[in-house]
Undergrad: 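Dropping a structure here in structure tokens format, bear with me for questions.
These figures come from a predicted structure and were not determined experimentally. We count ligands from 1, going down the list as the structure has it; atoms in each ligand are counted the same way.
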Amino acid sequence: MNIQDFDPAALSPGEKAKLNFHVLRLPSGLHLDYTALVARGARAGKTIVVIAGVHGDEYEGPLTILKVFEQLDPDQMQGTFIGIPVVNPPAFDAGTRPSPIDGQNLARIFPGRPDGTISERIAHALLEYLFPHADLLLDHHSGGVQFDIPLTCGYYLLEGEIGRVSKEAARAFGAEVLWGSPLNKGRTISEAVRHKQVPSIYTETTGAGGVLPADLEAYIRGTLNVMKYLGILPGAPEGSEPEIVLESSDPNRDFDSAINCTASGLLETMVRLKARVNRGDLIARIYDLSGNVLEEIHADQPGVVLGLRRFARVFSGELIALVE
Ligand SMILES: [Zn+2]
């Protein structure tokens, strides 16, 4: 089956299935395929599309989707779950954030192009053929191999129904940090909102190259909470109140605009995640291997530490911390 023909309504009510479908052909002739994990409730209702693996070095989301699908009972569901554990297979195979084929960051090139690079074609296929099935899109990320991020659920600050549903769904997830931002461009979820009017949220958590049991548990519980919020699963969301609630006014204030280093060397971080810092507070030092401090990195504004570099060999220009 081609992704153009993907239709969860092909399942009978109360059916669960793993559907393989073809997305595109690589220059080598190899096929790039997805397996969609679909559970169609016995009763009609809303549809949630849950994706992960936009970045190939983030593993909490893929495992969450496998585990949530495993435990869903369609007889108890009113609506449909569609999960795709890894939407960027080339990056997953390489274990890297960008695609090893074209070097592109899939989360910056939406809406993509049908005749573009491999990453642009993946973006286009997701946007045109998968996201329109969704009443809500949940996009799981994490700190990847190099970063550490607190359990966060993010959404866009928008007027109207899309904004209301996105914010309520993000709150229902039950993360430590609830982060609303103005609509930006090129992101998976920004273009789902802009082009398909699909309320969309994303998550972040530790990363650091693995899957911590507590993170997996929080992602599974959060995904089920969002399904409860949508009425797909019975019961009320069981998320706790967020510790930190942020509403940014600058659409460019995200991990792309975090504090970068200018030196290359060995990193020591001096703060913990979620710490409140003032502008100018010392966040990290970079040393050379004879012990000289090459650079001191300070908070660029007052706020909360929402991301920290963990991989301690750093190169000039790399991201060290996000204070928001
Ligand atoms: Zn990511």
Side-chain angles (χ1 to χ4, degrees), residues 34 49-66 83-112 118-120 122-123 126-127 130-131 137-156 166 170 173 175-179 181 184-193 200-212 215-216 218-219 222-223 226 248 251-258 260 273 306-311 318-322 324:
Y34 290 155
V49 170
V50 188
I51 61 168
V54 165
H55 297 129
D57 65 342
E58 302 170 4
Y59 307 114
E60 294 90 339
L63 208 46
T64 296
I65 291 171
L66 300 180
I84 300 190
V86 171
V87 296
N88 194 354
F92 178 84
D93 283 346
T96 54
R97 179 175 168 84
S99 171
I101 298 175
D102 48 40
Q104 288 180 305
N105 177 349
L106 180 57
R108 298 294 180 276
I109 55 155
F110 276 80
I118 297 301
S119 294
E120 287 169 338
I122 289 174
L126 288 169
L127 186 67
L130 185 68
F131 298 168
L137 173 64
L138 169 54
D139 181 14
H140 285 303
H141 285 257
S142 77
V145 167
Q146 297 194 330
F147 303 100
D148 190 358
I149 303 177
L151 181 65
T152 300
C153 194
Y155 64 97
Y156 290 120
S166 302
F173 185 88
E176 296 171 347
V177 179
L178 182 66
W179 189 0
S181 312
N184 47 16
K185 278 198 167 160
R187 271 55 172 191
T188 314
I189 67 167
S190 68
E191 303 317 295
V193 167
S200 301
I201 60 176
Y202 71 94
T203 64
E204 298 283 359
T205 196
T206 309
V211 181
L212 298 176
D215 285 336
L216 181 60
Y219 266 29
T223 302
V226 174
S248 309
N252 299 313
R253 203 56 215 179
D254 63 11
F255 287 92
D256 289 359
S257 66
N260 290 22
L273 280 178
L306 284 189
L308 274 179
R309 169 80 172 216
R310 284 287 179 236
F311 195 75
E318 290 186 331
L319 189 159
I320 303 299
L322 176 66
E324 185 61 38

Undergrad: Is Glu58 close enough to the Zn ion (ligand 1) that one of its N, O or S atoms comes in under 2.8 Å?
TA: yes

Undergrad: Tell me which N, O or S atom of His55 sits nearest to the Zn ion (ligand 1).
TA: ND1

Undergrad: Which of parallel (below 30°), tilted (30 to 60°) and perpendicular (above 60°) describes Phe173 and Tyr219?
TA: perpendicular

Undergrad: Tell me which N, O or S atom of His141 sits nearest to the Zn ion (ligand 1).
TA: ND1

Undergrad: Report, as yes or no, whether the 6.0 Å neighbourhood of atom CZ on Phe92 holds more than 12 heavy atoms from other residues, nucleotides or ligands.
TA: no

Undergrad: Might you work through the salt bridge (charged side-chain N to carboxylate O under 4.0 Å, His left out) test for Asp57 and Arg97, ending with a clear yes or no?
TA: CA-CA 5 Å; Asp57 65 342; Arg97 179 175 168 84; 5.6 Å; no

Undergrad: According to the interplanar angle, ranging from 0 to 90°, do the rings of His55 and His141 count as parallel (below 30°), tilted (30 to 60°) or perpendicular (above 60°)?
TA: perpendicular

